[in-house]
Amino acid sequence: LQKRIHLLQATDDPSIQEQALITLSNSAAFSVNQDIIRNLDGLSVIGGMLSDCTPKVKEKALNALNNLSMNIKNQEEIQVYIMQVCRNVESAPLNSELQLAGLRLLTNMSVTSDYHHKMINSIPCFLHLLSEGTERTQIQVLKVLVNLSANPAMTRHLLRAQV
């Protein structure tokens with residue numbers, strides 16, 4: 001895992017970055033590896049890939065963070081990327097794998113109300129995706145919206161959102 005994280009830091013080759021991120025994502029499916037990746041500063045390295053201009057690299061980074069977000073300690077570190085993930089969802093092509101990967105991560109990050117406030121500005125986007133997206137996109141957006149709606153503090157923001 002340490003070698004994969006160092007490889008991500010050392011290369012600018014998108015195909016190598018994609019493969020390293022896929023490996024880290026698959027490894028993160030096991031809870032013991034989630035702690036190891038966090039302790040090796042892997043979350044910030046993977047999070048740094050969200051600024052990459054290559055959509056496939058962003059998508060793979062989102063998938064890795066999604067798997068890593070099953071851990072509360074990891075969520076505490078991943079939450080700093082929520083607004084960037086929201087921007088990626090908004091700017092990604094409609095119904096793209098990149099958009100869906102971002103929505104999946106936001107679904108996990110919105111299970112508790114701890115980070116809902118970071119998603120407020122994206123509510124109009126979520127509602128737009130609900131009306132314009134394909135069924136896969138709509139289902140993923142609904143998961144985020146259901147999580148947000150479970151928080152009474154979000155009621156006003158959800159009801160006042162301009163679509």
Side-chain angles (χ1 to χ4, degrees), residues 1-119 121-122 125-126 129 133-148:
L1 292 173
Q2 186 174 30
K3 287 181 181 183
R4 294 295 180 256
I5 292 167
H6 287 304
L7 182 61
L8 270 179
Q9 292 174 301
T11 185
D12 289 331
D13 184 330
S15 62
I16 294 172
Q17 290 172 332
E18 277 185 63
Q19 291 306 310
L21 287 165
I22 289 169
T23 301
L24 288 168
S25 181
N26 290 340
S27 299
F30 302 98
S31 56
V32 66
N33 291 339
Q34 293 175 6
D35 293 328
I36 293 170
I37 292 169
R38 182 184 65 252
N39 292 333
L40 292 170
D41 200 31
L43 296 175
S44 64
V45 173
I46 295 168
M49 298 282 116
L50 297 178
S51 316
D52 196 281
C53 19
T54 310
K56 281 288 185 192
V57 171
K58 283 185 196 179
E59 176 194 333
K60 302 303 185 224
L62 287 165
N63 288 336
L65 289 174
N66 183 47
N67 286 347
L68 288 161
S69 72
M70 300 297 188
N71 174 314
I72 295 296
K73 287 185 179 179
N74 286 353
Q75 281 193 1
E76 291 170 6
E77 290 191 33
I78 293 170
Q79 60 93 14
V80 300
Y81 302 107
I82 289 176
M83 292 194 287
Q84 185 174 5
V85 172
C86 288
R87 286 190 299 273
N88 283 339
V89 167
E90 291 176 29
S91 64
L94 183 63
N95 307 314
S96 65
E97 291 301 318
L98 174 59
Q99 191 172 63
L100 288 166
L103 288 168
R104 283 190 295 271
L105 176 56
L106 293 175
T107 299
N108 284 347
M109 294 301 293
S110 64
V111 168
T112 66
S113 60
D114 297 344
Y115 311 114
H116 286 182
H117 63 282
K118 294 184 176 230
M119 299 179 205
N121 291 336
S122 294
C125 170
F126 298 151
L129 293 176
T134 61
E135 186 175 333
R136 284 178 68 206
T137 301
Q138 290 171 337
I139 289 169
Q140 210 55 58
V141 169
L142 280 172
K143 290 177 181 182
V144 175
L145 290 171
V146 165
N147 289 345
L148 295 177

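Numbering of residues begins at 1 and proceeds along the displayed sequence.
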Between [atom1] on residue [X] and [atom2] on residue [Y], distance to nearest 0.5 Å:
| X | Y | atom1 | atom2 | value |
| --- | --- | --- | --- | --- |
| Leu21 | Ile16 | CG | CD1 | 12.0 Å |
| Lys60 | Leu98 | NZ | CG | 10.0 Å |
| Leu100 | Leu62 | CG | CG | 11.0 Å |
| Leu65 | Leu105 | CG | CG | 6.0 Å |
| Ser25 | Asn67 | OG | CG | 4.0 Å |
| Met49 | Ile46 | CE | CD1 | 9.0 Å |

**OP:** I would like to know whether Ser96 and Glu59 meet side-chain hydrogen bond (donor to acceptor under 3.5 Å, both in side chains); could you show each step before the answer?
**Re:** CA-CA 10 Å; Ser96 65; Glu59 176 194 333; over 6 Å; no

To check you understand the geometry: which heavy-atom pair defines the closest contact between [X] and [Y], and what is its length?
| X | Y | result |
| --- | --- | --- |
| Asn147 | Thr107 | ND2-O, 3.1 Å |
| Tyr81 | Ser44 | OH-CA, 3.2 Å |
| Asp52 | Lys58 | O-CE, 2.6 Å |
| Glu77 | Val80 | O-CG2, 3.2 Å |
| Ser110 | Met119 | CB-CE, 3.8 Å |
| Leu50 | Asn88 | O-ND2, 3.7 Å |

Would you say [X] and [Y] make side-chain contact, with heavy atoms under 4.5 Å?
| X | Y | value |
| --- | --- | --- |
| Gln138 | Val141 | no |
| Asn71 | Asp35 | yes |
| Lys56 | Pro14 | no |
| Leu129 | Leu94 | yes |
| Thr137 | Thr134 | yes |
| Met109 | Lys118 | no |

Original post:
Looking at Arg38, Gln79, Gln34, which hits side chain to side chain donor-acceptor pair (under 3.5 Å) with Asn74?
Top reply: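 One option only clears the test, and that one is Arg38.
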
Looking at [Y], is its backbone amide N or carbonyl O close enough to the side chain of [X] to form a donor-acceptor pair, meaning the two atoms are under 3.5 Å apart?
| X | Y | value |
| --- | --- | --- |
| Ser69 | Asn66 | yes |
| Gln140 | Gln99 | no |
| Thr11 | Leu7 | no |

Subject >> Asn121 atom CG: more than 12 heavy-atom contacts under 6.0 Å >> reply: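 Atom CG in Asn121 is not crowded, with 12 or fewer foreign heavy atoms closer than 6.0 Å.
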
Original post:
Under 6.0 Å from the CD atom of Gln9, do we count more than 12 heavy atoms belonging to anything else shown?
Top reply: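 Yes, CD of Gln9 has more than 12 neighbouring heavy atoms, counting only those of other groups under 6.0 Å.
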
Original post:
Which residue pairs pass the salt bridge (Lys or Arg N to Asp or Glu O under 4.0 Å) test with at least one member in residues 3-24, sequence neighbours excluded?
Top reply: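 Those involving residues 3-24 do not exist here.
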
**OP:** Enumerate the residue pairs fulfilling salt bridge (Lys or Arg N to Asp or Glu O under 4.0 Å) with a member in residues 94-113, sequence neighbours excluded, ordered by first and then second residue.
**Re:**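 Residue pairs passing salt bridge (Lys or Arg N to Asp or Glu O under 4.0 Å), neighbours aside: Glu97-Arg136.
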
Original post:
When you look at Leu24 and Leu8, which way does the side-chain contact (heavy atoms from CB on, under 4.5 Å) test go after all the steps?
Top reply: CA-CA 10 Å; Leu24 288 168; Leu8 270 179; 3.6 Å; yes

